[in-house]
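Here, residue 1 is the first one in the sequence, and each next residue gets the next number. Both backbone and side-chain heavy atoms feed into the values below; hydrogens, waters and symmetry mates do not.
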Amino acid sequence: MGKNEKTGLGRALVKHHNQMIQQSKEKGRFYRSQHKKVLESVTDVSDIEAVIQQTEEDGSSSTSHLTPEERRELRKREEVLHAGSLQVPRRPPWSPAMTVEDLDANEKRAFLVWRRGLARLEENENLVLTPFEKNLDIWRQLWRVVERSDLLVMVVDARDPLFYRCPDLEAYAQEVDQYKRTLLLVNKADLLPYSVRENWATFFQQHEILYLFWSAKAASAALEGKKLASPWRTQGNLQEKDDPDTKIYGRDELLARLQSEAEEIAKMRREADSTSSLSNGHSSNGSTHSKTVVVGFVGYPNVGKSSTINALVGQKRTGVTSTPGKTKHFQTLIISEELTLCDCPGLVFPSFSSSRHEMIACGVLPIDRMTEHREALQVVANRVPRQVIEQVYNIRLPKPKPYEPQDRPPLASELLRAFCASRGYVGASGLPDETRAARLMLKDYIEGKLPHYEMPPGMEPEEVEAEREDSVEPTHEMPESDSSDVENCSQEVAGETVPVLDDVLDDLNHFDVANGLASSKKGAAKKQSASHKNHKKPQRKKDRSWRVGNDDGDGMPVARVFQKAS
């Protein structure tokens, strides 16, 4: 056998091996799709960039001439104009006499019409839609939960309740049954100061929103006998008086309130059915109505639905992780003979957003799969005050330059460099490991280690600003400011502060080095080492002051004669 024949045989074996691997992969995918039927959500795909690609701002030529403020105002006007188009998909009318094929075809047809309507909104260059759920099977889970439930509980995050609230879902519940009510369960309420809870309570009451403050983490800790330390260490977030409008409900109180609300809805429905049956000449039979009421839980991923279910049941019945989209199918949990809970998978409802990075910072999309960590961390830096970040992480952020606004939030690059330097996070190339640092800080932001909150519309946060600054106490001594903090480096000309030219050039040089536009400290090294003589040991001069000059010119030194005074 020649050399060429050996080479050809080896290539054939490698090609056959690759074909077998490819066939096994295809068979595995076919088996999973046909037999296992994995219910995959929009927040559980591997290529997250492919999902949120539609939310990129296209920067078209028609709006390129506008300033950022004008573009923002135009976007707000467009959002108000098309707010009614952001709807959840409705289940088409059906009856028990329909076949499975006809029901499936009707649901797919209605879902396709809904997708086309949102696609027309996405064509509007002035609107940015958040990545919403595009899997029909996930929406089918929501339809079943809405139809089964007497009371629909929408779980939201207390730090920004309006971001996680879907008003159209409340309207859809009324369309299914006019007696259904929607309760807003404000989870993680222990992360808010008491004054902020009062403001939100006032806002909910003014807009006639049924709400309750709740903390699933605190309820689980109390159930296990553990003491939970809240990030807010002031007395403002504690329950000072038993006010039902602002109190944080416990486990037993919440179960009793949910059951009473659901029983009231069921009672109203039975009375209406009995009235209609009497008007039609039929006698009502109360035994046909079930005594058990059903409370359904819906909401965005990672807002605490599964944690709330586990706290109410008293044991772990649903999986809980920091990755959104853990729950795949709705679950029915029997609490007692009178109360049943129904947990729906987390759904990303269609809504308008300023950027896709806000979705990552809010925990709606997975943090571990993000590719642009600086943009997502900039959302955190814009919301959390500078002094709070320094106290939580015991770091010193660089101060703004004299020619910059002194109240500007820290840049994501500044925050990442300071955090990596304090923790020693260095990558394989010797540069700061910014990806690791960004993931840790984003998870701290979601879990509440970095305290933040949003105020209700029309209310300013100045009233509770001092309370927020005093809420976090430093655990260690703050490090001294580095040499980059320049003081007294500005000049006053005609009453205005003008930066020194050397400081501006030095700042531009640091910017070039940080972005790889210039070599690192090559010119600075030349300035520091001006001559090689600076490294030599200075020569010691000999003391010849004892010598006396010779005026005779014969070349011989003359000794100095001292005469003793008489």
Side-chain angles (χ1 to χ4, degrees), residues 41-53 55-56 130-131 157 159-160 163-164 187-188 191 217 231 300-304 306-307 319-327 346 348 353-386 388-398 409-454 472 475 514-515:
S41 173
V42 68
T43 59
D44 195 40
V45 297
S46 57
D47 188 8
I48 199 67
E49 289 296 325
V51 177
I52 58 181
Q53 185 179 4
T55 61
E56 289 286 352
T130 58
D157 196 318
R159 292 168 293 184
D160 193 1
F163 177 81
Y164 300 94
N187 191 25
K188 305 177 184 179
L191 300 179
K217 192 172 183 180
Y300 274 80
N302 209 9
V303 294
S306 299
S307 301
V320 178
T321 61
S322 59
T323 303
K326 175 66 175 177
T327 306
V348 181
S353 178
S354 58
S355 67
R356 64 177 185 176
H357 311 293
E358 185 180 359
M359 305 286 288
I360 299 176
C362 294
V364 177
L365 297 179
I367 296 176
D368 295 330
R369 292 174 184 166
M370 67 176 179
T371 57
E372 300 175 357
H373 53 273
R374 283 195 176 185
E375 288 77 4
L377 192 63
Q378 189 62 49
V379 177
V380 178
N382 294 338
R383 294 183 177 181
V384 183
R386 176 190 297 264
V388 173
I389 298 177
E390 292 179 341
Q391 293 176 6
V392 170
Y393 292 124
N394 194 21
I395 59 177
R396 174 70 68 182
L397 297 175
L411 301 178
S413 57
E414 299 174 347
L415 180 56
L416 287 171
R417 282 197 294 265
F419 187 84
C420 291
S422 63
R423 302 301 191 270
Y425 292 164
V426 181
S429 59
L431 298 176
D433 194 354
E434 295 187 355
T435 303
R436 179 185 178 187
R439 290 176 178 176
L440 289 176
M441 284 187 282
L442 285 171
K443 290 180 180 179
D444 291 342
Y445 176 81
I446 294 174
E447 294 175 359
K449 185 176 180 180
L450 287 174
H452 68 282
Y453 53 83
E454 295 294 330
V472 181
T475 55
N515 291 273

What's the spacing between Ser422 OG and Glu390 CD if we round to 0.5 Å?
11.5 Å
Least distance between heavy atoms, Leu397 atom then Ala418 atom
CD2-CB, 3.9 Å
Sequence neighbours excluded, the answer for ring-ring contact (aromatic ring centres under 6.0 Å, His included) partners of Tyr300 is Tyr164, Phe349
Roughly how far, to the nearest 0.5 Å, is OG of Ser413 from CD of Glu434?
7.5 Å
Taken to the nearest 0.5 Å, the spacing of His357 NE2 from Leu442 CG works out to 11.5 Å
Nearest non-hydrogen partners of Ile360 and Ala376, listed with the distance
CG2-CB, 4.2 Å
Would you say the side chain of Glu454 lies within less than 4.5 Å of the side chain of Arg383, judging by non-hydrogen atoms?
yes
From Glu414 CD over to Ile389 CD1, what is the distance, rounded to the nearest 0.5 angstrom?
11.0 Å
Indicate yes or no: at least one non-hydrogen side-chain atom of Pro451 is less than 4.5 angstrom from one of Val388.
yes
Please list all pairs passing the ring-ring contact (aromatic ring centres under 6.0 Å, His included) test where one or both residues lie in residues 359-385, with sequence neighbours left out.
none
Closest heavy-atom contact between Pro409 and Ala381?
CB-O, 3.5 Å
Between CG on residue Asp444 and CZ on residue Arg439, distance to nearest 0.5 Å
14.5 Å
In terms of side-chain geometry, is the basic nitrogen of Glu447 or Lys217 positioned less than 4.0 Å from the acidic oxygen of its partner?
no
In the structure I gave you, are the side-chain heavy atoms of Ile395 and Leu415 within less than 4.5 Å of one another anywhere?
yes
Passing option when Met441 is tested against Leu377, Val384, Ile446, Val380 for side chain to side chain contact (heavy atoms under 4.5 Å, CB included)
Leu377
Kindly give the heavy-atom pair with the smallest separation between Asn187 and Val303, and that separation in Å.
ND2-O, 3.0 Å
Identify, with sequence neighbours excluded, every residue that meets salt bridge (charged side-chain N to carboxylate O under 4.0 Å, His left out) alongside Glu375.
none
Show every donor-acceptor pair shorter than 3.5 Å between a side-chain atom in residues 423-432 and any protein atom, with sequence neighbours excluded, or say none if there are none.
residue	atom	partner	partner atom	Å
Arg423	NH1	Tyr393	O	3.3
Arg423	NH2	Tyr393	O	3.3

